[in-house]
Amino acid sequence: MKRTSTLLLFLLLAAAPVMFTGCGPSEDEILAMLVDGRWDGVMDISYTKNGVKYPSTGTHIQFWNDVSTTAGHGKWCNTFADDAPINYLSYDFSWVVEGDVIYIQFKADNSENMERAKMKIGSYLITEYKFTGKISSMDGSKDASFNLIHTYSPWAWDYYPVIYPWDVYPFYPWYDPWYDPYYW
């Protein structure tokens, strides 16, 4: 009897880690929850026309998490100074998180541009408030660094604290540029 109870005790001890392991979100799901929302800041890119480079003065990115827990769609806008021939460039995109890498597919006008429209963010630091790193083409031939802050999140207040637009635009607490057609 003692041998049976000892064997049963060892079986219970061996099974305990399996029995009490929770089914929490995966690392990819957590990353997708972190990027979900609006990010504002700067990106090291420029617009070139007639040999003159015009650096971007601001970047605004909105990630929407679709039905999937690790994918969605979004809108990306880069703004430029008043002396640039354009005020902004905006893009629609879809995104997916796989293996701690965020893959972005910008909508392209033809199949020739589809490959050029694929980007990845694999070198980054992300928290509830800040997102910094590099976005690069799939072949690594082009990259741009970025520094963004989280200005909106769809997650619960107590679970996912964020910086709100009135913290970023303190002189215009009623103004949210996301809804301004100038940016898009």
Next item on the list: Go through the steps for Phe80 and Tyr54 under the test ring pair (Phe, Tyr, Trp, His ring centres under 6.0 Å), then give the verdict.
Entry: CA-CA 7 Å; Phe80 298 90; Tyr54 300 93; 8.0 Å; no
Next item on the list: Could I get the full list of side chain to side chain donor-acceptor pair (under 3.5 Å) partners for Asp139, not counting sequence neighbours?
Entry: Ser137, Ser141
Notebook entry, point to check: Do Asn147 and Thr132 have a side chain donor and acceptor closer than 3.5 Å?
Noted result: no
Note to self: When you compare the side chains of His150 and Arg38, does any donor N or O come within less than 3.5 Å of an acceptor on the partner?
What the structure shows: no
Salt bridge (charged side-chain N to carboxylate O under 4.0 Å, His left out): which pairs involve [range], sequence neighbours left out?
range           : answer
residues 41-51  : none
residues 56-65  : none
residues 90-103 : Lys75-Asp92

Check [X] against [Y] and note the closest heavy-atom contact, atom names and distance.
X     : Y      : result
Tyr88 : Cys77  : CB-SG, 3.8 Å
Trp76 : Ile135 : CH2-CD1, 3.6 Å
Val42 : Leu148 : N-CD2, 4.0 Å
Lys53 : Ser46  : CD-OG, 3.8 Å

[atom1]-[atom2] distance between [X] and [Y], expressed to the nearest 0.5 angstrom:
X      : Y      : atom1 : atom2 : answer
Ile61  : Asp40  : CD1   : CG    : 9.0 Å
Ile102 : Lys120 : CD1   : NZ    : 12.5 Å
Met43  : Ser145 : CE    : OG    : 8.0 Å
Ile149 : Thr127 : CD1   : OG1   : 10.5 Å
Phe63  : Ser94  : CZ    : OG    : 11.0 Å
Gln105 : His73  : CD    : NE2   : 15.0 Å

Check: Could you walk me through whether Tyr103 and Phe93 pass the ring pair (Phe, Tyr, Trp, His ring centres under 6.0 Å) check?
Finding: CA-CA 10 Å; Tyr103 294 96; Phe93 65 91; over 10 Å; no
Next item on the list: Please test Ile121 against Val101 for side chain to side chain contact (heavy atoms under 4.5 Å, CB included), starting from the C-alpha separation and ending with a verdict.
Entry: CA-CA 6 Å; Ile121 303 173; Val101 176; over 6 Å; no
Checking [X] side chain against [Y] main chain: does a donor-acceptor pair fall under 3.5 Å?
X      : Y      : result
Ser26  : Glu29  : yes
Trp95  : Val35  : no
Asp36  : Asn65  : yes
Ser136 : Lys142 : no

Checklist line | Qualifying residues under salt bridge (charged side-chain N to carboxylate O under 4.0 Å, His left out), relative to Lys134, sequence neighbours excluded | finding: Asp143
Margin query: Assess the residue pair Trp39 and Thr151 against the criterion (side chain to side chain contact (heavy atoms under 4.5 Å, CB included)); give the C-alpha distance rounded to whole Å, side-chain angles, the decisive distance to 0.1 Å, and a yes or no.
Written below: CA-CA 6 Å; Trp39 297 88; Thr151 56; over 6 Å; no
Next item on the list: Test Thr70 against Asp28 for side chain to side chain donor-acceptor pair (under 3.5 Å), laying out the working first.
Entry: CA-CA 6 Å; Thr70 59; Asp28 288 350; over 6 Å; no
Item checked: Non-neighbouring partners of Phe146 that pass ring pair (Phe, Tyr, Trp, His ring centres under 6.0 Å), sequence neighbours left out -> Phe131
Check: When you look at His60 and Asn78, which way does the side chain to side chain contact (heavy atoms under 4.5 Å, CB included) test go after all the steps?
Finding: CA-CA 6 Å; His60 313 280; Asn78 293 310; over 6 Å; no
Item checked: Trace of the side chain to side chain contact (heavy atoms under 4.5 Å, CB included) decision for Glu128 with Leu34 -> CA-CA 6 Å; Glu128 292 91 351; Leu34 280 171; 4.2 Å; yes
